[in-house]
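Here is how names work: the chains are called A, B, and so on, in the same order as the sequence lines, proteins then strands, and each is numbered from 1.
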Amino acid sequence: DVKVTQSSRYLVKRTGEKVFLECVQDMDHENMFWYRQDPGLGLRLIYFSYDVKMKEKGDIPEGYSVSREKKERFSLILESASTNQTSMYLCASSLMRGWTEAFFGQGTRLTVV
Amino acid sequence: GENVEQHPSTLSVQEGDSAVIKCTYSDSASNYFPWYKQELGKRPQLIIDIRSNVGEKKDQRIAVTLNKTAKHFSLHITETQPEDSAVYFCAVPGNNNDMRFGAGTRLTVKP
């Protein structure tokens, strides 16, 4: 069974804080993704990575960065959290070049106050 | 990146009726088209997918149809049941290892 685990289920941070969201997968997947989920907007791609130390911008990368130092771990970083980054964040991983099933983590609901 | 549009945004059906959700995409190079189901408070999970060498795929009460010429694919659920109530997402892989999702369809099956 593939497991994608996000470090926190709920997180409350203050405006201006640097926030780290961690994601770990245990199936040696090459691809990893970070999405943001907001009502009516679906899953919007923030960043993705297809290999260690590789990263690509998605549709809404502003205000975010990522790190992939090891194949199993993909971190999302909010450099200076703002209230408009309050959202549900979902991490996902997949085995091959976008043409196989994506497995999702349980999500992190981040509230920035 | 890939432009993915999904309709309708909400769908309410009576138990036993059929439901159809449609997804259109912009990049003709895509050849893998999955559908995900997200139940309330849970993570999205794959329910069915299709590859471009076939036009239709069925799995019990769910089916996906693909029209590559028109660049759209659809999810069909027959004999709907209350447990089918969820948000459904289509997804399309881009050419750069990315995976983009539609905005989602909230399906409500009324008993």
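Within a 6.0 Å radius of CZ in B:Arg43, other residues, nucleotides and ligands contribute more than 12 heavy atoms. Atom NZ of B:Lys22 sits in a sparse spot, with 12 or fewer heavy atoms from other residues, nucleotides or ligands closer than 6.0 Å.
A:Leu45 touches chain B through its side chain: at least one heavy atom from C-beta onward sits under 4.5 Å away, while N, CA, C and O do not. Only the side chain of B:Arg51 comes within contact range of chain A, with at least one heavy atom under 4.5 Å from a heavy atom of that chain. Contacts between B:Tyr36 and chain A at a heavy-atom distance below 4.5 Å involve the side chain alone, from C-beta outward. Only the side chain of B:Gln38 comes within less than 4.5 Å of a heavy atom in chain A; its backbone stays farther off. A:Glu56 touches chain B through its side chain: at least one heavy atom from C-beta onward sits under 4.5 Å away, while N, CA, C and O do not. Proximity to chain B involves both the backbone and the side chain of A:Phe104, based on heavy atoms less than 4.5 angstrom apart.
Between the side chains of B:Thr65 and B:Glu56, no donor-acceptor pair is found at a separation under 3.5 Å.
Between A:Lys18 and A:Glu79 there is a salt bridge, since at least one side-chain N of the basic residue sits less than 4.0 Å from a carboxylate O of the acidic one. A:Asp38 has a carboxylate O that lies under 4.0 Å from a charged side-chain N of A:Arg36, or vice versa, which qualifies the two as a salt bridge. The pair A:Arg68-A:Asp51 does not count as a salt bridge, with every side-chain nitrogen at least 4.0 angstrom from each carboxylate oxygen.
Of the residues considered (B:Pro44, B:Gly104, B:Pro34, B:Ala103), B:Pro44 shows the highest number of contacts with chain A, using heavy-atom pairs under 4.5 Å.
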